[in-house]
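Data first, discussion second: the structure below is written as structure tokens.
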Amino acid sequence: DQAAPAADIAPAVATALQSMLDTGLMSALVPEFGPVEHLVQFDDFHIHPVGKHTLEVVRGLAAMLAPDPGGADSWQGRMARELDAAGLFDRLLLAGFCHDLSKPSRDHSADGAALCEGLLARLGADAETIADVSFLVRQHLVIPKTATRRDLADEAVSSGLAELCGSAPRLDMLLLLAVADSQATGPRAWNPWTATLFTELSGKARRLLTAGPLAEPHAVEHGRKVREEVLGLAAAPGSPVSFEHARELGARLIEIGVGV
């Protein structure tokens with residue numbers, strides 16, 4: 001039997017998770033959830049304990065598919081429906097559930113990626129799903145941190161994000177996860193200022209992946225190889241960089257089309 005589209009089941013996901021949370025079934029079925037269920041986050045950003053925050057992230061993602069002016073008719077809704085049509089929205093929901101499971105680890109993103117790989121393998125997920133969810137968990141803070149701490153006028157910033165994601169669908173999943181995570185965190189993480197920064201950064205990165213130098217087949221892999229060659233030239237021992245050396249570096253950077 002073919003699986004039902006996420007749009008048909010997403011609105012019920014948050015309700016089901018809430019019932020599992022209230023009855024203790026969640027921790028019984030997913031032991032990794034138990035240690036963080038009531039974990040209070042002592043900072044100026046999070047308004048909920050990790051368990052409640054996680055539920056709100058999943059609820060926010062599911063709401064993006066809702067057929068109302070604030071949901072499917074918004075840019076978030078349109079993006080969510082495209083991911084659903086491509087069979088990717090369930091991976092986004094899984095990433096929303098897994099993204100904070102390794103708190104309070106100092107590097108909860110990397111540790112969470114490893115944890116979710118084991119969790120999803122145990123639950124029978126396929127390799128592509130595990131790879132996408134692990135990527136999203138590992139990188140779920142990249143857009144918020146980059147958008148609020150870097151100069152978005154610097155093309156190397158958006159090209160770095162594009163190269164990291166490697167494809168428009170992965171970028172879209174990462175963006176929607178960042179939005180839902182920030183919305184569930186609180187008003188200091190999600191507000192008109194951060195919303196503008198998120199969309200500016202992701203929009204520039206998406207254009208590079210769909211119409212720019214990274215839109216060609218295997219462009220990301222090629223870019224990484226050229227980047228390594230450029231860095232190797234720059235680190236070459238010997239006298240100060242000559243004119244010819246500098247010209248070669250410049251030609252390589254133009255070839256790659258993104259910043260080092």
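- In this structure a side-chain-to-backbone donor-acceptor pair under 3.5 Å is missing from Ser158 to Ala205.
- Under a 3.5 Å cut-off, the side chain of Lys204 and the backbone N or O of Leu152 do form a donor-acceptor pair.
- Side-chain contact between Glu128 and Arg91: present, with at least one pair of heavy atoms (C-beta onward) separated by less than 4.5 Å.
- Between Leu161 atom CG and Ile143 atom CD1 the span is 5.0 Å, to the nearest 0.5 Å.
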Exercise. Please walk me through it: do Arg206 and Asp172 pass salt bridge (charged side-chain N to carboxylate O under 4.0 Å, His left out)?
Worked result: CA-CA 8 Å; Arg206 201 175 199 280; Asp172 292 348; 2.8 Å; yes
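- Here the CD1 atom belonging to Ile130 is positioned 7.0 Å from the CG atom belonging to Asp126, to the nearest 0.5 angstrom.
- The minimum heavy-atom distance linking Gly96 with Leu61 is given by the pair CA-CD1, 4.1 Å.
- Here the side chains of Pro104 and Leu39 are in contact, with some heavy-atom distance below 4.5 Å.
- The distance from the CG atom of Leu83 to the CG atom of Leu176 is 6.0 Å, given to the nearest 0.5 Å.
- Here the OG1 atom belonging to Thr199 is positioned 7.5 Å from the CG atom belonging to Leu197, to the nearest 0.5 angstrom.
- Ring geometry, Phe33 versus Phe97: the interplanar angle falls under 30°, so the pair is classed parallel (tilted spans 30 to 60°).
- Here the straight-line distance linking atom CG of Asp84 with atom CZ of Arg81 works out to 10.0 Å at 0.5 Å rounding.
- With hydrogens and angles ignored, the 3.5 Å screen pairs no side-chain donor or acceptor of Thr129 with any backbone N or O of Ala125.
- The hydrophobic clustering, which links ILVMFWY residues whose side-chain heavy atoms are closer than 4.5 Å, places Leu141 and Met173 apart.
- His48 approaches His53 most closely through the heavy-atom pair CB-N, 3.7 Å.
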For this session: Apply salt bridge (charged side-chain N to carboxylate O under 4.0 Å, His left out) to Glu82 and Arg78, showing your working.
Result: CA-CA 6 Å; Glu82 289 176 2; Arg78 290 192 296 272; over 6 Å; no
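- Looking only at distances, a side-chain donor or acceptor of Ser74 sits under 3.5 Å from a matching main-chain atom of Gly77.
- Here the closest heavy-atom approach between residue Phe198 and residue Ala178 is recorded as CE2-O, 3.9 Å.
- In the hydrophobic clustering of this structure, Phe89 does not group with Leu94; members are Ile, Leu, Val, Met, Phe, Trp, Tyr whose side-chain heavy atoms approach within less than 4.5 Å, directly or through other members.
- In this structure, the side chain of Asp181 does not engage the main chain of Leu177 through any donor-acceptor pair within 3.5 Å.
- Between the side chain of Ser182 and the main chain of Val179, no donor-acceptor pair closer than 3.5 Å is present.
- Taking CZ from Arg188 and CH2 from Trp193, the interatomic distance works out to 10.5 Å, rounded to the nearest 0.5 Å.
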For this session: Using the salt bridge (charged side-chain N to carboxylate O under 4.0 Å, His left out) rule, take Asp100 and Lys103 through it: C-alpha gap first, then chi angles, then the decisive distance, then the call.
Result: CA-CA 6 Å; Asp100 275 352; Lys103 284 189 171 181; 3.5 Å; yes
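- Residues Leu119 and Met26 share a single hydrophobic cluster, defined by chaining ILVMFWY side chains whose heavy atoms lie under 4.5 Å apart.
- Between the side chain of Thr194 and the main chain of Ala189, a donor-acceptor pair closer than 3.5 Å is present.
- In this structure, Arg59 and Gln18 have side chains that are in contact, with non-hydrogen atoms separated by less than 4.5 Å.
- The closest side-chain heavy-atom distance from Cys165 to Leu174 is below 4.5 Å.
- Closest non-hydrogen pair, Glu37 versus Pro49, comes out as O-CB, 4.2 Å.
- Proximity of Ile47 to Thr185: side-chain heavy atoms (C-beta onward) are nowhere separated by under 4.5 Å.
- Side-chain contact between Ser109 and Asp107 is present, with at least one heavy-atom pair separated by less than 4.5 Å.
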Problem set entry | Test side-chain hydrogen bond (donor to acceptor under 3.5 Å, both in side chains) applied to Ser102 and Asp111, step by step | CA-CA 6 Å; Ser102 276; Asp111 292 343; 5.4 Å; no
For this session: Check step by step if salt bridge (charged side-chain N to carboxylate O under 4.0 Å, His left out) holds for Glu32 and Arg122.
Result: CA-CA 12 Å; Glu32 294 87 345; Arg122 188 178 75 240; 2.7 Å; yes
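- In terms of heavy atoms, Leu93 sits closest to Ala62 at CD2-N, 4.2 Å.
- Looking at His140, His108, Arg138, Gln139 one by one, the single match for side chain to side chain contact (heavy atoms under 4.5 Å, CB included) with His99 turns out to be His140.
- Under the 4.5 Å side-chain heavy-atom criterion for grouping Ile, Leu, Val, Met, Phe, Trp and Tyr, Leu88 is not connected to Val133 through any hydrophobic cluster.
- Heavy-atom minimum distance, Ser202 versus Leu175: OG-CD2, 3.3 Å.
- Counting only heavy atoms from C-beta outward, the side chains of Val137 and Ser134 never approach each other to under 4.5 Å.
- Taken together through direct or relayed side-chain contacts under 4.5 Å among Ile, Leu, Val, Met, Phe, Trp and Tyr, Leu164 and Leu201 form part of one hydrophobic cluster.
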